[in-house]
2 protein chains.
Amino acid sequence: MKNQIKELRKAKKISQQELADYCKVTRQTVNAIENEKYDPSLQLAFDLARNLNTTVDTLFISEK
Amino acid sequence: MKNQIKELRKAKKISQQELADYCKVTRQTVNAIENEKYDPSLQLAFDLARNLNTTVDTLFISEK
DNA sequence: CAATATTGTCAAATACTCTTTACATTTTTA
DNA sequence: TAAAAATGTAAAGAGTATTTGACAATATTG
């Protein structure tokens, strides 16, 4: 599963910490997901999409 | 998190078992998600959406 | 009605998500 | 260049997702 979090976050000019705060998770969680250590839960995927003004289907790319 | 899995599955006239097979999970997993016992992983959300000919953003409704 | 398919549910075990704490490295800014 | 901010990473533990096996209840079909 790939994602465009880093690109959209930078386009919005916010830090991992700020995005993490908006989504109510830790900075390390955002960092791990950006660097594809693991996939977020479905709820967190929705929270990330919302805070980056996009949709889950465009933020994440299921490689199948 | 709400979802429209049951409605779309019935519209397609397939059983929980068939949908589970397509997504490579157990019947119990599909049943639990339909009945909102817990949310699927992000990957399974994409698999469910794809097999029901829809998108994650329309199949699931994040209540926030 | 009887047989079969489908669905609901439960408990125990395993795998994965996420947090916390901590420290190192890189980037930005004064 | 020095200080501050941002990022990368790792280990341990809590909480959640999924599997397996099993049994009961409901719906469908012959």
Side-chain angles (χ1 to χ4, degrees):
Chain A
M1 181 85 66
K2 294 192 174 176
N3 72 69
Q4 313 221 116
I5 298 174
K6 190 172 296 191
E7 293 78 358
L8 293 182
R9 178 177 60 77
K10 290 191 172 176
K12 268 202 115 181
K13 295 192 198 301
I14 60 176
S15 67
Q16 292 179 346
Q17 182 68 67
E18 288 173 290
L19 180 55
D21 290 346
Y22 297 155
C23 296
K24 300 195 170 112
V25 293
T26 63
R27 174 182 75 75
Q28 285 84 344
T29 295
V30 169
N31 184 283
I33 294 167
E34 277 194 359
N35 291 305
E36 292 167 5
K37 301 298 181 194
Y38 51 75
D39 291 336
S41 66
L42 184 57
Q43 183 60 63
L44 181 50
F46 271 97
D47 292 346
L48 288 165
R50 193 162 58 83
N51 283 292
L52 292 171
N53 304 107
T54 187
T55 63
V56 171
D57 288 284
T58 59
L59 188 55
F60 296 88
I61 299 107
S62 173
E63 300 158 300
K64 280 218 167 171
Chain B
M1 180 84 67
K2 293 194 174 174
N3 71 70
Q4 314 221 116
I5 297 173
K6 192 173 296 193
E7 293 79 357
L8 293 183
R9 178 178 61 78
K10 289 190 174 178
K12 270 202 113 181
K13 296 193 197 300
I14 60 176
S15 67
Q16 292 179 346
Q17 183 68 68
E18 287 173 293
L19 180 55
D21 289 345
Y22 296 157
C23 295
K24 298 193 172 113
V25 292
T26 62
R27 174 182 73 77
Q28 286 87 337
T29 295
V30 169
N31 183 284
I33 295 166
E34 277 195 0
N35 290 306
E36 291 166 7
K37 302 296 182 194
Y38 51 76
D39 292 336
S41 67
L42 184 57
Q43 182 60 64
L44 179 51
F46 270 98
D47 292 346
L48 288 165
R50 193 162 57 83
N51 283 292
L52 292 171
N53 304 107
T54 187
T55 63
V56 171
D57 288 283
T58 60
L59 188 55
F60 296 88
I61 298 107
S62 173
E63 301 158 300
K64 279 220 167 169

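Below, chains carry the letters A, B, ... as their sequence lines are ordered, and counting in each starts from 1. Because only heavy atoms are used, hydrogens play no part in the values below, and waters and symmetry mates are left out as well, while side chains stay in.
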Closest nucleotide among [options] to the [X] side chain:
{"X": "Asn31(B)", "options": "dT18(D), dT9(C), dT7(D)", "value": "dT9(C)"}
{"X": "Tyr38(B)", "options": "dG21(D), dT18(D), dT19(C)", "value": "dT18(D)"}
{"X": "Gln28(B)", "options": "dG8(D), dT18(D), dC10(C)", "value": "dC10(C)"}
{"X": "Arg27(A)", "options": "dT9(D), dG8(C), dT19(D)", "value": "dT9(D)"}
{"X": "Ser15(B)", "options": "dT18(D), dC23(D), dT6(C)", "value": "dT6(C)"}

Exercise for the section: Compute whether any side-chain donor of one residue and acceptor of the other, for Asn51(A) and Asp47(A), lie under 3.5 angstrom apart. Expected result: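 Side-chain D/A pair, Asn51(A) to Asp47(A): absent.
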Please state whether the phosphate of [N], meaning OP1 or OP2, lies under 4.0 angstrom from any side-chain nitrogen or oxygen of [X].
{"X": "Lys6(B)", "N": "dG8(C)", "answer": "yes"}
{"X": "Arg9(B)", "N": "dT7(C)", "answer": "yes"}
{"X": "Gln16(A)", "N": "dG8(D)", "answer": "yes"}
{"X": "Thr26(B)", "N": "dT19(D)", "answer": "yes"}

Problem - Sugar-phosphate, base or nothing in reach of Ser41(B), heavy atoms under 4.0 Å - result: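 Ser41(B): backbone/sugar contact only, no base atoms under 4.0 Å.
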Practice task
Classify the nucleic acid contact of Lys10(A) as base, sugar-phosphate or nothing, counting any heavy atom under 4.0 Å across all strands shown.
Solution key: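 Touches nothing.
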Handout entry: Donor-acceptor under 3.5 Å (Gln4(B) side chain, Leu59(B) main chain)
Key =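 No; zero donor-acceptor contacts below 3.5 Å.
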Exercise for the section: Answer yes or no: is there an ion pair linking Glu34(B) with Arg9(B), defined by an N-O contact shorter than 4.0 Å? Expected result: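 A salt bridge links Glu34(B) with Arg9(B).
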Handout entry: Asp39(B) CG to dT18(D) P, straight-line distance once rounded to whole Å
Key =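 After rounding, the gap between these two atoms is 9 Å.
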Exercise for the section: Look at atom NZ of Lys37(B) and say whether more than 12 heavy atoms of other residues, nucleotides or ligands are closer to it than 6.0 Å. Expected result: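 Not buried by this count: 12 neighbours or fewer within 6.0 Å.
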